[in-house]
Chemist: 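The structure's right below; bear with me while I get my questions together.
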Amino acid sequence: MQTLKHYSIIALLLLLCSCNVSPKPIDYGNDGCHFCKMTIVDKVHAAEIVTTKGKVYKFDATECMVNFLDEFDTSQIKLYLSNNYTEPEALIDATKATFLISENIPSPMGAFLSAFENRTDAEKAKSEKGGTLYNWSELQDHLSKN
């Protein structure tokens, strides 16, 4: 009886561990964009979605992630993540980020879209490069019109 109890506990622990809802590192140069199928190489513009069940979708640009939302049940999404422009490869919470669209900062899909973890960095980049700032909601509205 004790052995059965131990197996039950082990099975429960394995089940809990297999549903890890967290970001996964992007393997630049090898991972493909779930939306456009291009290889993800740009370390400042990539993005990622993590579902409530822990499934990860990777994108070569935030605009691919936003476009993907049109064909996905967003109630199943736990995390929206974008690379932080000022810290390449670092994924940040896209719903709290400030976005800059500036034709002086090219991005993989041509939307000239970059994400910043804080508004101060975004405003600094805007003053140097020009462009328009957006929050997550404004960005989705803007991209849906284009």
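Basis for what follows: all heavy atoms, side chains included, without hydrogens, waters or symmetry-related copies. Along the sequence shown, residues carry numbers from 1.
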Chemist: With a 4.5 Å heavy-atom cut-off, do T98 and Y134 have their side chains touching?
Modeler: no
Chemist: Please examine the side chains of I105 and Y85, heavy atoms only from C-beta on, and report whether any two atoms are closer than 4.5 Å.
Modeler: yes
Chemist: Determine, using the 4.5 Å side-chain heavy-atom cutoff (strictly less than), whether V44 and F112 are members of one ILVMFWY cluster.
Modeler: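 Different clusters.
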Chemist: What residues, two or more places apart in sequence or in another chain, satisfy ring pair (Phe, Tyr, Trp, His ring centres under 6.0 Å) together with Y57?
Modeler: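 Checked Y57 against ring pair (Phe, Tyr, Trp, His ring centres under 6.0 Å); matches are H34, F68, F72.
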Chemist: Please name all residues satisfying side-chain contact (heavy atoms from CB on, under 4.5 Å) with P23, sequence neighbours left out, ordered by chain then number.
Modeler: E48, L79, L81, L91
Chemist: Other residues, nucleotides and ligands only: do more than 12 of their heavy atoms fall within 6.0 Å of CD on E71?
Modeler: yes
Chemist: Could you walk me through whether F59 and I49 pass the side chain to side chain contact (heavy atoms under 4.5 Å, CB included) test, one step at a time?
Modeler: CA-CA 8 Å; F59 305 93; I49 285 174; 3.9 Å; yes
Chemist: Would M65 and V56 show up in the same hydrophobic cluster when neighbours are defined by side-chain heavy atoms closer than 4.5 Å?
Modeler: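 As far as the 4.5 Å side-chain criterion goes, V56 and M65 are not connected within one cluster.
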Chemist: Could you give the side-chain donor-acceptor pairs of residues 120-133 under 3.5 Å, partners two or more places apart or in another chain?
Modeler:
residue, atom, partner, partner atom, Å
D121, OD2, N118, ND2, 3.2
E123, OE2, R119, NE, 3.1
S127, OG, K124, O, 2.8

Chemist: Name all residues meeting the side-chain contact (heavy atoms from CB on, under 4.5 Å) criterion together with A61; count only those two or more places apart in sequence or in a different chain, and write none if there are none.
Modeler: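 Residues passing side-chain contact (heavy atoms from CB on, under 4.5 Å) with A61: E63, P108, M109.
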Chemist: Side chains of S114 and H45: any donor to acceptor distance under 3.5 Å?
Modeler: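 The criterion, which ignores hydrogens and geometry beyond distance, is satisfied for S114 and H45.
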Chemist: Following the transitive rule for hydrophobic clusters with a side-chain heavy-atom cut-off under 4.5 Å over Ile, Leu, Val, Met, Phe, Trp and Tyr, establish whether I77 and L143 coincide in one cluster.
Modeler: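 Per the 4.5 Å side-chain linkage, I77 and L143 are co-clustered.
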Chemist: Sequence neighbours left out, what passes ring pair (Phe, Tyr, Trp, His ring centres under 6.0 Å) with F35? Give chain and number order.
Modeler: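 Once residues adjacent in sequence are excluded, F35 has no partner under the ring pair (Phe, Tyr, Trp, His ring centres under 6.0 Å) criterion.
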Chemist: Testing L69, V50, T62 one by one against Y80 for a side-chain contact (heavy atoms from CB on, under 4.5 Å), which residue passes?
Modeler: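 When side-chain contact (heavy atoms from CB on, under 4.5 Å) is applied between Y80 and each of L69, V50, T62, only L69 qualifies.
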Chemist: Measuring from L113:CG to S102:OG, what's the distance to the nearest 0.5 Å?
Modeler: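 Output value for this atom pair is 11.0 Å.
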Chemist: Apply side chain to side chain contact (heavy atoms under 4.5 Å, CB included) to the pair T86 and E117, showing each step before the final yes or no.
Modeler: CA-CA 8 Å; T86 59; E117 187 168 24; 5.8 Å; no
Chemist: Applying salt bridge (charged side-chain N to carboxylate O under 4.0 Å, His left out), which residue pairs with at least one partner in residues 20-39 are found, sequence neighbours left out?
Modeler: D31-K58
Chemist: Between C36 and D60, is there a side-chain heavy-atom distance shorter than 4.5 Å?
Modeler: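 The answer is yes; the side chains approach within 4.5 Å.
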Chemist: To the nearest 0.5 Å, how far apart are CD1 in I92 and OG1 in T95?
Modeler: 10.0 Å
Chemist: Nearest 0.5 angstrom please: F99 CZ to E138 CD, how far?
Modeler: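 Interatomic distance, F99 CZ to E138 CD, rounded to 0.5 Å: 11.0 Å.
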Chemist: Is there a donor-acceptor contact under 3.5 Å linking the side chains of S75 and D73?
Modeler: yes
Chemist: So which atom in G54 and which in V21 form the shortest heavy-atom distance, rounded to 0.1 Å?
Modeler: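 Closest approach of G54 to V21: N-CG2, 3.8 Å.
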Chemist: Atom CG of N30 and atom CD1 of I40: how far apart are they, to the nearest 0.5 Å?
Modeler: 10.0 Å
Chemist: Rounded at 0.5 Å granularity, tell me how far NZ in K78 sits from OG1 in T52.
Modeler: 8.5 Å
